[in-house]
Amino acid sequence: MARDSTVTSASAGTLASGIVLAGDRTENRVAAHRHSRNVRLLKRTLPLGTLVVAGLYSLSVMQTMGWGTAIPKLEIPQILPENLAMQNPHYEGFNKDGGRYWVKAESAQQDLKNFSLIKLTGITGEITDAKKQKTTLAAARGVFDNKANVLELYDAIDVAGDAGLSAKLTRATIDTKENIITSNEPVTVTMAAGTISANQMTARQKVKEYTFVENVRTHLNARQPQPGDEAAAVVAVSPANDQMIGTSTGPVEIASNRLDVNDATKVAVFTGTVSATQNGSTLTTPELEVTYEGSATPQGESDPNTSAGGKLKRIMAKNPVSMTQANGDTVTSRGADFDPVAQRAVLDGDVVMTQAPDKRATADRAEIDQALKTIVLTGDVVVAQAENVIKGRRLVFNQLTSKMQLTSPAATGAAGRISALFHQSKSSAPAAKPQKPREQGIAFGASFKTDPGAPVQVEATRLDVDDTAKQAVFTGDVRAVQGDFVIRAAELTAAYTGSAGLNGADTAATKQAAAQLSRIKAKTKVQITSKDGQSATGDWADFDPKANTATLGGDVVLTQGKNVVRGTKLVIDMNTGETVIKNEALADGRPNVSADGTATAATGVSSRPSAVFYPGEMKANSDKKKSKATDGWQARPNP
């Protein structure tokens with residue numbers, strides 16, 4: 001037993017020789033258990049210790065800062081756009097077509113919300129196109145989009161350049177790549193040719209196109225006549241107040257809803273309700289197209305020969321066209337074409353010209369030459385004043401000489417007929433004539449009686465009027481009718497009072513009353529015919545519309561049926577129809593001479609006229625009329 005204990009005991013200890021037995025591990029187990037307890041303790045105490053240290057530190061900081069009292073506001077620095085302002089920035093770029101642009105400013109601020117936007121103040125810039133033409137700009141402030149190459153300008157904007165364009169704007173958008181300037185606020189643009197103002201503008205500088213919209217007002221500068229200019233000869237003789245739109249050198253004021261200017265094609269088109277005024281004359285039309293020479297915006301350096309800017313070359317107005325001159329005369333038509341250089345105007349379609357107080361002319365076409373001071377009306381020409389009317393196919397009027405010619409050329413070139421209708425006013429009716437000795441000769445009945453107040457209708461191949469001499473001459477198979485009284489002659493000259501011309505100047509002539517016939521003279525193969533067929537022929541005739549008498553002279557032949565009476569003078573009282581034919585010569589035997597200087601066939605001393613009567617026919621005519629014997633032919637002895 002003692003031996004086994006030792007072994008057991010030895011198995012748990014160390015042998016005498018120093019060798020430890022493997023089965024004896026009691027101390028190791030104890031050490032391991034102690035280490036485990038220490039690890040578990042540290043896991044709990046270390047985090048807690050850290051929190052305690054942090055809390056003590058925080059408490060110390062708070063106490064240092066005055067914990068337990070009001071906490072002061074911390075001033076934390078902020079990143080603001082104004083804190084990122086740049087001084088004297090410079091931006092530039094190039095276009096695909098070879099143009100370039102640059103923009104400078106006194107200061108710039110980056111927009112932090114959109115880094116492509118830059119706010120600018122004190123802006124200046126320059127845009128140069130492929131042709132090296134520059135456009136400069138300046139503004140108080142703006143925004144530049146360096147990604148889209150668009151510049152927005154505000155306040156006191158000035159745009160100018162080699163193209164002669166100078167603009168004043170309050171807001172504008174500039175596409176620097178395309179060289180396009182737009183503004184939706186009122187603008188005033190000055191070009192070499194004049195000034196334009198509008199509520200909106202778009203300027204496409206590359207293609208030289210400019211558009212102005214809403215409340216457009218255009219002032220075209222006056223053009224000074226140049227040596228050799230046809231207008232120069234007109235100014236000295238033509239009062240300014242009878243000049244038509246586009247035919248004067250004065251400035252032109254145009255109001256419209258829209259204006260499109262294409263300086264490449266030299267055309268400016270005004271649309272909307274267009275009203276143009278020049279020297280007191282006004283034109284209205286829905287569309288006015290202006291063609292000019294030179295340039296509305298001269299290129300490059302100023303040329304002394306074209307310093308006045310573009311020169312008006314052609315002005316076209318579309319239907320309906322209405323013009324009012326300074327003196328109150330008006331003209332309307334479907335279209336109008338003006339040549340300012342040559343001082344000519346052509347009006348087409350339903351032309352109506354009116355002059356105070358009651359003159360009116362209508363035609364299919366009117367050609368007005370301010371240099372020559374002529375008016376040519378063609379087509380269906382009608383000129384009326386009060387109740388007087390003349391009609392033809394071509395009328396030429398010269399304002400300088402107050403002469404007018406009316407014809408009716410046919411399409412084949414043959415001469416047509418013109419007509420004139422003259423109404424006598426009531427005051428022109430013949431007054432009671434004093435009693436005077438009866439004409440001696442053969443007296444006839446009342447066949448030539450007519451109404452003295454009836455209008456006079458004249459037809460002829462041609463009419464020439466001299467409004468200064470107050471004379472109208474009808475030529476070419478002239479036929480004049482008053483009531484039942486008919487006159488035919490190769491030529492008929494009418495003297496008149498009043499005015500029959502188409503004067504364009506505001507003179508007393510235009511205010512005169514309508515023409516009233518005061519004397520009518522006919523010559524060459526004159527024939528007078530009455531209602532019942534009685535007729536008289538002679539070499540000349542003299543009619544007094546106021547007294548309502550007619551005198552036929554020369555080789556006078558009076559016929560009624562087969563009855564014939566010859567003499568040298570036939571006197572007709574158209575109020576009563578009383579007719580007397582006789583022979584007469586001058587006391588010294590010289591042949592009788594008519595009022596117009598035409599010699600008659602009569603010679604020697606006075607003698608009774610010759611006659612051939614057919615009593616049967618005279619009686620038949622008398623019975624047919626159921627008239628008294630005095631209504632027939634009867635002889636009255638000569639003294």
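- Among I390, V465, V376, the one residue that satisfies the side-chain contact (heavy atoms from CB on, under 4.5 Å) test with L395 is I390.
- No side-chain donor-acceptor contact under 3.5 Å links T497 and S518.
- You'll find the side chain of I487 reaches within 4.5 Å of the side chain of F543, heavy atoms only.
- The closest side-chain heavy-atom distance from L283 to F338 is below 4.5 Å.
- For the atom pair D337 CG and D348 CG, the distance stands at 8.5 Å (nearest 0.5 Å).
- Considering CG of L377 and CZ of R393, their distance stands at 12.0 Å, rounded to 0.5 Å.
- Contact of the T374 side chain with the F397 side chain is not registered, since no non-hydrogen atoms from C-beta on lie closer than 4.5 Å.
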Steps toward side-chain contact (heavy atoms from CB on, under 4.5 Å) verdict (M404, D464): CA-CA 6 Å; M404 180 174 68; D464 291 274; over 6 Å; no
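- No more than 12 heavy-atom neighbours from other residues, nucleotides or ligands sit within 6.0 angstrom of CZ on R334.
- Side-chain atoms of V473 and L463, non-hydrogen and from C-beta on, never get closer than 4.5 Å to each other.
- By the 4.5 Å heavy-atom criterion applied to side chains, V341 and R314 are not counted as neighbours.
- N583 places a side-chain N or O within donor-acceptor distance of the main-chain N or O of T568, the cut-off being under 3.5 Å.
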List the steps, then state whether side-chain contact (heavy atoms from CB on, under 4.5 Å) holds for T524 with E491. CA-CA 7 Å; T524 311; E491 181 178 311; 5.6 Å; no
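- Separating the OG atom in S275 from the CZ atom in R217 is a distance of 8.5 Å, to the nearest 0.5 Å.
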Show the numbers, then the answer: is there a side-chain contact (heavy atoms from CB on, under 4.5 Å) between V351 and T362? CA-CA 5 Å; V351 179; T362 61; over 6 Å; no
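- Of the inter-residue distances, the one linking E367 atom CD with L372 atom CG reads 11.5 Å to the nearest 0.5 angstrom.
- In summary, D544 and R519 engage in a salt bridge, as defined by a charged side-chain N under 4.0 Å from a carboxylate O.
- Checking side-chain atoms of T461 against main-chain N and O of G476 turns up a donor-acceptor pair under 3.5 Å.
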Just do the side-chain hydrogen bond (donor to acceptor under 3.5 Å, both in side chains) check on T529 and S535 with the steps written out, would you? CA-CA 4 Å; T529 305; S535 67; 5.2 Å; no
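- Side-chain contact between I528 and I572 is present, with at least one heavy-atom pair separated by less than 4.5 Å.
- Between Q355 atom CD and N327 atom CG the span is 7.5 Å, to the nearest 0.5 Å.
- Closest heavy-atom contact between M353 and I368: CE-CD1, 4.5 Å.
- Side chains of D467 and Y496: a donor on one and an acceptor on the other come within 3.5 Å.
- Salt bridge D339/R344: absent, no basic N to carboxylate O contact under 4.0 Å.
- T407 and R462 make their closest contact through CG2-CG, 3.9 Å (heavy atoms, listed as atom of the first residue, atom of the second, distance).
- When atom types are taken as modelled, the side chain of N575 and the backbone of A547 share a donor-acceptor pair closer than 3.5 angstrom.
- Of all heavy-atom pairs spanning F270 and S256, the tightest one is CD2-OG, 3.6 Å.
- Side chain of T285 to main chain of A317: no donor-acceptor pair is present (N/O by atom type, distance under 3.5 Å, no hydrogens or angles).
- T271 contributes atom OG1, which lies 6.5 Å from atom CD of E287 (distance to the nearest 0.5 angstrom).
- Salt bridge annotation for K523-D539: absent, with no cationic side-chain nitrogen under 4.0 angstrom from a carboxylate oxygen.
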Using the side-chain contact (heavy atoms from CB on, under 4.5 Å) rule, take V556 and T537 through it: C-alpha gap first, then chi angles, then the decisive distance, then the call. CA-CA 5 Å; V556 179; T537 60; over 6 Å; no
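- Formation of a donor-acceptor pair under 3.5 Å by the S408 side chain with backbone atoms of R417 is found in this model.
- Using a 4.5 Å heavy-atom cutoff, the side chains of V580 and K569 are not in contact.
- A pairwise comparison of heavy atoms in D369 and A342 identifies OD1-O, 4.4 Å as the closest pair.
- The side-chain contact (heavy atoms from CB on, under 4.5 Å) with T324 is formed by just one residue from the set T332, T354, T284, T330; it is T330.
- Considering all non-hydrogen atoms of both residues, V321 and G335 come closest at CG2-CA, 3.9 Å.
- Contact of the I418 side chain with the F474 side chain is registered, since non-hydrogen atoms from C-beta on lie closer than 4.5 Å.
- A salt bridge is absent between R479 and E459: the closest approach of a Lys/Arg side-chain nitrogen to an acidic carboxylate oxygen does not fall below 4.0 angstrom.
- Listed for the D364 side chain is a donor-acceptor partner under 3.5 Å among the backbone atoms of D380.
- Across all non-hydrogen atoms, the minimal contact from K391 to L406 is O-CD2, 3.4 Å.
- Between the N388 side chain and the H423 main chain, a donor and an acceptor come within less than 3.5 Å of each other.
- A salt bridge between D477 and R488 is present, with a side-chain N of the basic residue lying under 4.0 Å from a carboxylate O of the acidic one.
- Donor-acceptor pairing under 3.5 Å is lacking for the side chains of Q471 and D466.
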